[in-house]
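Heads up: the structure comes next, in structure tokens.
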Amino acid sequence: MMSLLMLFVGLGITFIVAHFLMPGIYYIMAVRWLRSSNEVGHKVGLGIDPPFVSVIVPTYNEAGVIIQKLNNIYSQDYPKDRLEVLIVDSGSTDGTVELVHEWIKGHEDVNVRVIEEGIRMGKAHALNTALKYARGDIIVVTDADSLWLPDSLRNAIAWLMSNGVGAVSCSKIPRTNRDIETEYRSYYGLLRLAESRRFSSAIFHGELAAFKRELLEKIGGFPKDVGADDSHTAGFVSMMGYRAIIPEDVKCIEYVPSRGYWMWRVRRAQHLIQHFSRFLKYMLIDNRNSPREYRQIMLYEAYLHLINPWLFIIGLALLVVSALHGAVIPIALLLIGLALLSVRFFRTWVITQVILVVAAIRNLWNKELVWRKIEK
Ligand code: GDP
Ligand code: MN
């Protein structure tokens with residue numbers, strides 16, 4: 001009995017230490033990538049003949065935000081005659097499409113078109129429909145419930161002008177007063193910038209995801225069987241040897257839901273888990289000859305999203321069980337852990353691990369490929 005208890009304590013501590021070690025190592029590596037003089041690819045600039053850009057906005061019941069979104073695209077620092085906007089709507093019932101038609105009447109100097117899918121078959125399906133109509137050399141996807149800074153599009157396209165860069169996304173500025181969300185974003189945002197310097201960001205953002213059209217066509221459009229269509233597409237671009245980067249000067253604003261926040265986080269985590277599960281397989285089995293730096297990034301990130309959270313939960317469970325059996329060290333450790341919850345970073349970290357575990361379990365029966373709209 002005594003030795004079993006010791007085993008539980010030993011294993012519990014080992015799991016917890018391992019859980020914090022790996023992200024610690026990755027974080028140090030990321031900071032070094034950021035500090036290294038490595039440029040994020042090479043920003044060529046737009047030149048005198050900017051490429052023709054198709055901006056695709058998928059909408060499902062976005063009446064509350066669509067006008068602001070159109071105005072935001074309209075006010076971008078990018079030549080209007082080199083731009084078309086495709087609103088692809090999947091059977092909205094709140095008048096989204098009517099609002100767009102109204103807006104178009106007052107803005108005839110920019111080409112905005114509406115594509116109606118009629119029934120809802122998910123975001124990726126809608127993006128593929130829009131792709132058939134898009135004429136741009138560059139395809140930019142942007143969620144309706146997000147905003148760009150005036151130079152976001154211009155900077156993103158300028159980066160894409162470089163031969164080695166296949167895709168560009170943005171750093172997120174969350175619109176929220178939840179400190180959990182801002183803390184999570186500042187940590188994640190640093191990793192995105194660092195990975196971009198190294199080779200490619202492991203994660204892309206639907207608020208602004210720009211792709212070279214020819215690469216999208218080679219991939220066969222947006223993946224319909226994985227929720228994180230943006231990250232997944234960027235991953236395919238990277239496996240072909242092109243960089244998919246988040247540069248420091250491309251930023252976007254995202255609205256964060258207040259009600260339904262936790263379900264929203266779980267659904268997004270589910271999508272990321274689907275994305276990384278696939279890439280774990282690609283990196284280990286199917287596509288072992290992907291660029292070396294990219295493989296390293298994806299193996300670390302897959303580990304951090306798929307395996308590492310379980311070490312925490314299992315370690316914690318072992319410590320709780322041994323504490324309940326009167327072991328002193330676990331009691332002390334758990335009390336320290338409880339106290340640490342008052343530290344914002346630690347609290348955010350722990351919550352993120354729980355969300356990832358819940359999401360992994362939920363993926364077993366519901367992949368959330370077509371999801372319930374959550375009001376922002
Ligand atoms: P979140 O940002 O992860 O919360 O996802 P959202 O619910 O905001 O969806 C991202 C974007 O995809 C938004 O602009 C939605 O309106 C749009 N969207 C979601 N599902 C569908 C769909 O089935 N069809 C179309 N056309 N757009 C969709
Ligand atoms: Mn959204």
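When a ligand or atom number is given, it counts from 1 through the structure's own listing order.
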task = Might you confirm whether atom NZ of K80 has over 12 heavy atoms from other residues, nucleotides or ligands at distances under 6.0 Å?
result = yes
remark   = Out of I66, I87, I119, T59, the nearest non-hydrogen contact to atom 27 (N) of ligand 1 is supplied by T59
request  = Find all atoms of ligand 1 within a distance of less than 4.0 Å from any non-hydrogen atom belonging to D145, and give their numbers and elements.
outcome  = 8 (O)
task = List the closest protein heavy-atom neighbour of atom 11 (C) of ligand 1: residue, atom name, distance to the nearest 0.1 Å.
result = D143 OD1, 3.4 Å
inquiry  = Check this for me, if you would: do E62 and K69 make a salt bridge, where the nitrogen-to-carboxylate-oxygen distance has to be below 4.0 angstrom?
reply    = no
query = Taking N or O atoms only and a 3.5 Å limit, does M121 qualify as a polar contact for ligand 1?
reply = no
key: Atoms in ligand 1 flagged as close to W264, the criterion being non-hydrogen separation under 4.0 Å   = 1 (P), 4 (O)
ask   = Using 30° and 60° as the class limits, which term best fits the ring planes of F199 and Y294: parallel, tilted or perpendicular?
value = tilted
inquiry  = Does ligand 1 come near enough to R120 that some N or O of the ligand is less than 3.5 Å from an N or O of the residue?
reply    = yes
ask   = Does any donor atom in the side chain of Y188 or R192 lie under 3.5 Å from an acceptor atom in the other side chain?
value = no
message = Restricting to N/O/S atoms, is D145 within less than 2.8 Å of the Mn ion (ligand 2) or not?
response = yes
query = Under 3.5 Å between some N or O of ligand 1 and some N or O of W371?
reply = yes
request  = Would you kindly specify which portion of R268 sits under 4.0 Å from ligand 1, judged on non-hydrogen atoms: side chain, backbone, both or neither?
outcome  = side chain
key: K123 bridged to D143 by N-O distance under 4.0 Å   = yes
request  = Run through Y282, F211, Y242, F222 and flag the one making a side-chain contact (heavy atoms from CB on, under 4.5 Å) with F236.
outcome  = Y282
key: Sub-4.0 Å atoms of ligand 1 with respect to non-hydrogen atoms of V88   = 26 (N)
ask   = Relative to each other, are the rings of W349 and F20 parallel, tilted or perpendicular (30° and 60° limits)?
value = tilted
message = Any nitrogen or oxygen of P58, side chain or backbone, less than 3.5 Å from one on ligand 1?
response = yes
ask   = Evaluating non-hydrogen atoms only, which member of G91, A124, G122 is closest to atom 22 (C) of ligand 1?
value = G122
key: N72 (side chain) donor-acceptor with W148 (main chain) under 3.5 angstrom   = yes
query = Quick one: does I73's side chain get under 4.5 Å of V57's, heavy atoms only?
reply = yes
inquiry  = Once you restrict to heavy atoms under 4.0 Å, what part of A126 touches ligand 1? Side chain, backbone, both or neither.
reply    = side chain
request  = Measure the distance from atom 28 (C) of ligand 1 to every protein heavy atom, then report the residue, atom name and distance (to 0.1 Å) of the closest one.
outcome  = Y60 CB, 3.8 Å
query = Should R120 and E117 count as an ion pair when the cut-off is N to O under 4.0 Å?
reply = no
Contact check, V370 vs ligand 1, heavy-atom distance below 4.0 Å = no
ask   = So is there a nitrogen or oxygen of R267 less than 3.5 Å from a nitrogen or oxygen in ligand 1?
value = yes
Donor-acceptor contact below 3.5 Å, side chain D89 vs main chain E116 = no
request  = Using a 4.0 Å heavy-atom cut-off, say whether K123 meets ligand 1 through its side chain, its backbone, both or neither.
outcome  = both
remark   = Under 4.0 Å from one or more heavy atoms of E62, ligand 1 contributes atoms 13 (C), 14 (O), 15 (C), 16 (O)
message = With respect to S90, determine whether any N or O atom, backbone or side chain, lies less than 3.5 Å from an N or O atom of ligand 1.
response = yes
query = Does some side-chain heavy atom of R197 sit less than 4.5 Å from a side-chain heavy atom of L193?
reply = no
